[in-house]
Participant: 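For reference, the structure I am asking about is given below.
Numbering starts at 1 and runs along the sequence shown.
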Amino acid sequence: MTFDRDHHAANTPTQDADFIASLLYINSVQLCSSLVCSDFSTEDRQGKELTTVNTSEDGKAVLLRVGGDPDGVVCTGHVYEKSGTGKELHSQQRITGRFDCYPEAGSNQGTCEARGCIWQPSDIPNEPWCFYADTHGYITKNVVETASGITLDIERNANFPSQRPQSPDIDTLRVEITYLSGKSLRWKIYDPNNARYEVPVPLNLPPTPETDENNRLYRVQIKDNPFGIQVIRKGSEEVIWDSAVPGFTFSNQVLQISTLLPSDYVYGVGETEHPSYKHDLNFHRYGLFAKDQPPGYKLNSYGLHPFYMGMEKSQSSHGVFLQNSNAMDVSFVPTPALTFRTIGGILDFYMVLGPTPEEVVQQYTEIIGRPVLPAYWSLGFQLCRYGYANDAEIATLYNDMKAAQIPYPSDIPNEPWCFYADTHGYITKNVVETASGITLDIERNTNFPSQRPQSPDINTLRVEITYLSGKSLRWKIYDPNNARYEVPVPLNLPPTPETDENNRLYRVQIKDNPFGIQVIRKGSEEVIWDSAVPGFTFSNQVLQISTLLPSDYVYGVGETEHPSYKHDLNFHRYGLFAKDQPPGYKLNSYGLHPFYMGMEKSQSSHGVFLQNSNAMDVSFVPTPALTFRTIGGILDFYMVLGPTPEEVVQQYTEIIGRPVLPAYWSLGFQLCRYGYANDAEIATLYNDMKAAQIPYDVQYADIDYMERQMDFTLDQVNFKGLPSLVDRMRADGMRFIFILDPAIAANETKGSYPAYDTGIENDVFIKWPPALSNEIVWGKVWPDYPNVTVDNSLDWDTQVQLFRAFVAFPDFFKTSTATWWGQQIKDFYNNIMKFDGLWIDMNEPASFVHGTVGEQCLGDPILENPPYMPPLESMHRGLPHKTLCMNSEQILADGTRVKHYDVHNLYGWAHTKPTYDALLSTTGKRGVVITRSTYPTSGRWAGHWLGDNYSAWDQLLKSIVGMMEFSIFGISYTGADICGFFNPAEYEMCLRWMQLGAFYPFSRNHNTINMPRQDPVAWGPEFAAISRDVLNIRYTLLPYLYTLMYEAHAHGNTVVRPLLHEFVTDANTWSIDRQFLWGPALLITPALDPGVTVVRGYVPNARWYDYHTGVTVVRGYVPNARWYDYHTGEVVGVRGQFVDMDAPLSKINLHVRGGHILPWQKPETNTQFSRRNPLGLLVALDDAGSAHGSLFWDDGEGIDTVQNQRFLLTTFTVSSGVLTSTVPTDGLAEADRLTLGLVKVWGVTAPVTQVTLSVTGRPDVNLQFTYNAQIQELQFDVTSQSHTIEKPFTITWKTA
């Protein structure tokens, strides 16, 4: 019988005094009909036959039931133990997997069965087809236990033949186990009747064994049939050596012993080459025999070291040494287990128990001898070459090395060959410390030259450090003698610094030479910012600062694509500069977010924001460290200290501004396409979606609706009927959003295009500086010339030249521009077409020519091609590529003139607030704005979609990474174009993306022109049905999602939440990005790969396939909490582990966290109708039978409802069978009140006899209820009581 490597006992509460344990079936063709288990207590041990074994019809599972109430249940090869009075079961040891019976070549069914082994083909790569039967090996006899160890005899199980005629098995062996010390032991297996070779290498063993049981970290158990030794670590009770598995062999020239391992983390065994320090246990075998063999993969090289170190789940470690000098091999299998095979001698093992890895090495070298102390000079760098012609060549080399004053080039990939000397940078002067901060001057170290003649270093700088609050600080580095550009984005800073040292989580130290700032977290004493490293640079166009990092775990920095949420620090550099650039690996995209969050070894976290808007890059190196390089402005840093990741985001958004609260309807599903032929196509789509009853709230129009792609116009040929269609849709409860680009067409007849004419009148467009020209800086984008027929067969550049009109770009910094823009929007709404939200695009700003029409930028060329160019897309074309000239001039609201060079990355930011203000003033409602280009604080007014992505499987995962990043950037309302924007979508991919996209906060299916349709009704009935089902789940949970949006808006909480934010003490979550949470309570595990046969649930690259059943599964991580399957309400029976989740094409895995209450409503085809339904509650109890949650509710679209207290906030708590509501805020209008409806309570462990509703001033009411004992679900419906939830209530259920 073989089982999956990670099966566990289900955490199922005891029913009828029976213990229940479920084991997953994986490899076995047939299941055993019975198992022998032991039922024991401290006073009594006796064998008991298993009462039942139930096999599911598909052969996937076996259910074990053992009667009575024992302290433990022991089954052959597997141990379950009761935990406390809750009678939960947990796995102590894995069931044995296959152990190779025929490692030699030539295995077939005949040769296998001749050895008495089992032949069973497998389609798992490298898994043995020939493996031992469960009882193959030796049988224990004559056990003698003493205070210092155990002695026993073992006899070969004669039911199995000797395996190799040339080397017959020895029938009787002696085993001696010695308790060497409290942290070490030895077991020696030998032939007592015939002397055999033993290794003559002396070891340093303790003079006397450790005879006091209380002083030993371990205990030893002997297993009988097959014989095996189990070494168990006290405290954690983990079995760290377990050779009670089949296959033990002892013949003259073949000795073999296997052990199960407590984890997958194994190190050592040599000398042989393998690609990583941690061994890959996926069926690998390494031969060990000293040989003149240069290193190569799995080749036996120069020495022999049969020693390994293993990690345990308790985070302890141990080491095992086999004192045998014959040729041997070591095999690893994913059970996890390993096998030693040697061709002579005896088996003489030594184990040390650490418990830390460093102590393991100390204890091992105490036995084998400490390393030699080399001469001091031998630690220096050394040179050698086979092939020096003569001593003169060596002399020349020596002289050259002296003259070069090395450092020598590195052979580490991507490591810089040119690096700074230790003292390069600035030197500290004039330090003044006050209660509120530190001020100092720094002077350039003139022992080093200025690095770039075009941008000379500034000699004297001022540093101001301000203790903003107990959890935040700022350091600003600038030129005190010459004013430089500073970012004009206002931040929300505390009115007074925190002057009480005792109230601060940090302290600051200044280092002198080189100058550097160290921020130290009190308590852990970790240095979380340390710029006292060489290379600090401050010149006119190159500013560079580096910091050491407290750990490898760094998140954020955008907007640029990288393959995982956690950054890879192995020499990666990301350019940041807003650009019309579809997402691609390391390509700078639409916005700029120079913010990162870092984890610390103490499990605290912090965030760092550089308030700089120039083009820049961020480099990561594995020291670990990072470097900011920017090409202008000043260095203005803000740090927040959490200490939790969620508090980091709360504190960061407190500074930059909380995320906007979008309209309720904007949380509904949305459809858009660039390429609708006419309004009839949109009408048909709308009708088809209604007929399919697929929930759907928002329809878009892309630039197709415009006349020749010009803002504030309507195509009177193809979209003449769009305004009336929009009116009809809005009357049905739908909403409509249309697109606006910032660029305004300039080639229309005067008087025919008010947007341009009034823009000229109000001087709103970007121009050259007066010293260069009074002209507008012209570009080209989407608008076409009048009276032309576009020939789409021509190449793109020719089309731009011949058909695209000149455009002007509004300068949104100007107050006059905001007024003009708002008026255009209002005129369109009143005179042409109604709308509910606005979508602003191309606002990096994007242009189809480079710099300006004619591509000849005026002014200083050093701004267009600076001395240092970050690694940007098309960097060889300079900064104006696909945008404006950097010498263009913009004017801030206070009249300050600035170069586009400095404020380019703020264009989308400046565009966003005037658009939001115009939407609110025009419609009188909140609505929603979606913007492409963003900068910190953009989230105060708008959401963001992740850009023009591709229809490709990898984009599903990257969309999760993008959402997580924008969550910590303070933009909660975000999502990717579902099914992809570019390229044709594929059926399965689009369906999986619809499932994932149903859990984007901004959930929109959108693609480009000339591509096939990909909306839910375009693929057929099955696709439509699955889409409807998953969107119904979304709509059911919209009250919960809206509450999360409120918590983001009011408190800065994340909506899409990385698992590490909730489970920061579980280091496994620090790298997970293939799963995410909605808030604290809903775990979403999507299928992200084709065929749904392999999904990474644990980064990096954890892939697997179920070859036996063909059932598609998803591998996901279940953090250590009580979780419920959303679809069934059943408790998930494992915690803190990776588990396999069935994921048929129709399903996305959702799990609800115990201890939380989720508000919900019955879904409808749009939110206008679903909002009218009674409010349901989904109560998921934790282990203590408790839960809590809340509901935020307003009219869904009013302006400033939070600020004006026009909302309802209700909190819910459950404890000891009592559900209670409280109402902290009740400002809800009568028309928006909700009636309490169906309540589902999961995790009710005992039958319920009565459910009672209590409301002050009303008699108690007994409610009808149902109770499902199998899934432990209680349901009761309060709808008939017409209780509106602004009135506090109590509901009590009594159990039998």
Participant: Take D836 and K925 through the salt bridge (charged side-chain N to carboxylate O under 4.0 Å, His left out) test and state the conclusion after the steps.
Facilitator: CA-CA 8 Å; D836 302 280; K925 296 177 181 178; over 6 Å; no

Participant: Which atoms form the tightest heavy-atom contact between S967 and V649, and what is the distance?
Facilitator: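 Smallest heavy-atom distance, with atoms named: O-CG1, 3.7 Å.
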
Participant: Between H1061 and T644, is any pair of side-chain heavy atoms under 4.5 Å apart?
Facilitator: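 H1061 vs T644: side chains apart.
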
Participant: For E1164, give me all partners under side-chain contact (heavy atoms from CB on, under 4.5 Å), at least two apart in sequence or on another chain.
Facilitator: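 Expected list: K1162, F1169, S1170, N1173.
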
Participant: Please enumerate all residues that pass salt bridge (charged side-chain N to carboxylate O under 4.0 Å, His left out) together with D1200, with sequence neighbours excluded.
Facilitator: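 Applying salt bridge (charged side-chain N to carboxylate O under 4.0 Å, His left out) to D1200 gives none.
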
Participant: Heavy atoms, side chains only, cut-off 4.5 Å: are T1252 and K1294 in contact?
Facilitator: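 T1252 vs K1294: side chains apart.
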
Participant: Distance-only, no hydrogens or angles: does the Q1075 side chain make a donor-acceptor pair with backbone N or O of T1085 under 3.5 Å?
Facilitator: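 Between the backbone of T1085 and the side chain of Q1075 there is no qualifying donor-acceptor contact (under 3.5 Å).
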
Participant: Taking only residues two or more places apart in sequence or in another chain, which ones pass side chain to side chain donor-acceptor pair (under 3.5 Å) with T653?
Facilitator: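 Expected list: R658.
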
Participant: Going by the rule side-chain contact (heavy atoms from CB on, under 4.5 Å), which residues pair with R1206 if we only count those two or more places apart in sequence or in a different chain?
Facilitator: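 So R1206 forms a side-chain contact (heavy atoms from CB on, under 4.5 Å) with T1201, N1204.
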
Participant: Enumerate the ring pair (Phe, Tyr, Trp, His ring centres under 6.0 Å) contacts for residues 1210-1241, please, sequence neighbours excluded, ordered by first and then second residue.
Facilitator: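 Not a single pair qualifies under ring pair (Phe, Tyr, Trp, His ring centres under 6.0 Å).
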
Participant: Quick one: which residue pairs count as a ring pair (Phe, Tyr, Trp, His ring centres under 6.0 Å) with a foot in residues 1250-1286, not counting sequence neighbours?
Facilitator: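 Qualifying pairs: H1283-F1289.
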
Participant: Tell me every residue that passes salt bridge (charged side-chain N to carboxylate O under 4.0 Å, His left out) with K690, counting only those two or more places apart in sequence or in another chain.
Facilitator: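 For K690, the residues satisfying salt bridge (charged side-chain N to carboxylate O under 4.0 Å, His left out) (neighbours in sequence not counted) are D732.
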
Participant: With sequence neighbours excluded, tell me which residues meet salt bridge (charged side-chain N to carboxylate O under 4.0 Å, His left out) with D1194.
Facilitator: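 So D1194 forms a salt bridge (charged side-chain N to carboxylate O under 4.0 Å, His left out) with R926.
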
Participant: What residues form a side-chain contact (heavy atoms from CB on, under 4.5 Å) with R1171, not counting sequence neighbours?
Facilitator: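 If we apply the side-chain contact (heavy atoms from CB on, under 4.5 Å) test to R1171, skipping adjacent residues, the hits are Y664, W1193, D1232.
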
Participant: For a side chain to side chain contact (heavy atoms under 4.5 Å, CB included) with L667, tell me which candidate from Y1042, Y1035, F1002 qualifies.
Facilitator: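 Going through the options one by one, the only one that passes is Y1042.
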
Participant: Holding to salt bridge (charged side-chain N to carboxylate O under 4.0 Å, His left out), I want the full list of residues that pass it with R1233, two or more places apart in sequence or in another chain.
Facilitator: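 Partners of R1233 by the salt bridge (charged side-chain N to carboxylate O under 4.0 Å, His left out) criterion, ordered by chain and then number, come out as E1230, E1286.
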
Participant: Is there a side-chain contact between R992 and L996 in this structure, where contact means two heavy atoms from C-beta onward sitting under 4.5 Å apart?
Facilitator: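 No. Closest side-chain heavy atoms not under 4.5 Å.
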
Participant: Over all heavy atoms of both residues, which pair between W1293 and V1248 is shortest? Give the atoms and the distance, please.
Facilitator: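 So the minimum-distance heavy-atom pair works out to CB-CG1, 4.0 Å.
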
Participant: Using the side-chain contact (heavy atoms from CB on, under 4.5 Å) criterion, which residues pair with T1043? Sequence neighbours excluded.
Facilitator: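 Per chain and number, T1043 pairs via side-chain contact (heavy atoms from CB on, under 4.5 Å) with E1047, P1159, S1190, L1191, F1192.
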
Participant: What pair of heavy atoms forms the shortest contact from N1053 to A1048, and how long is it?
Facilitator: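 Reported closest heavy-atom pair: O-CB, 3.1 Å.
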
Participant: Quick one: which residue pairs count as a side chain to side chain donor-acceptor pair (under 3.5 Å) with a foot in residues 1218-1227, not counting sequence neighbours?
Facilitator: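 The answer is T1211-T1222.
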
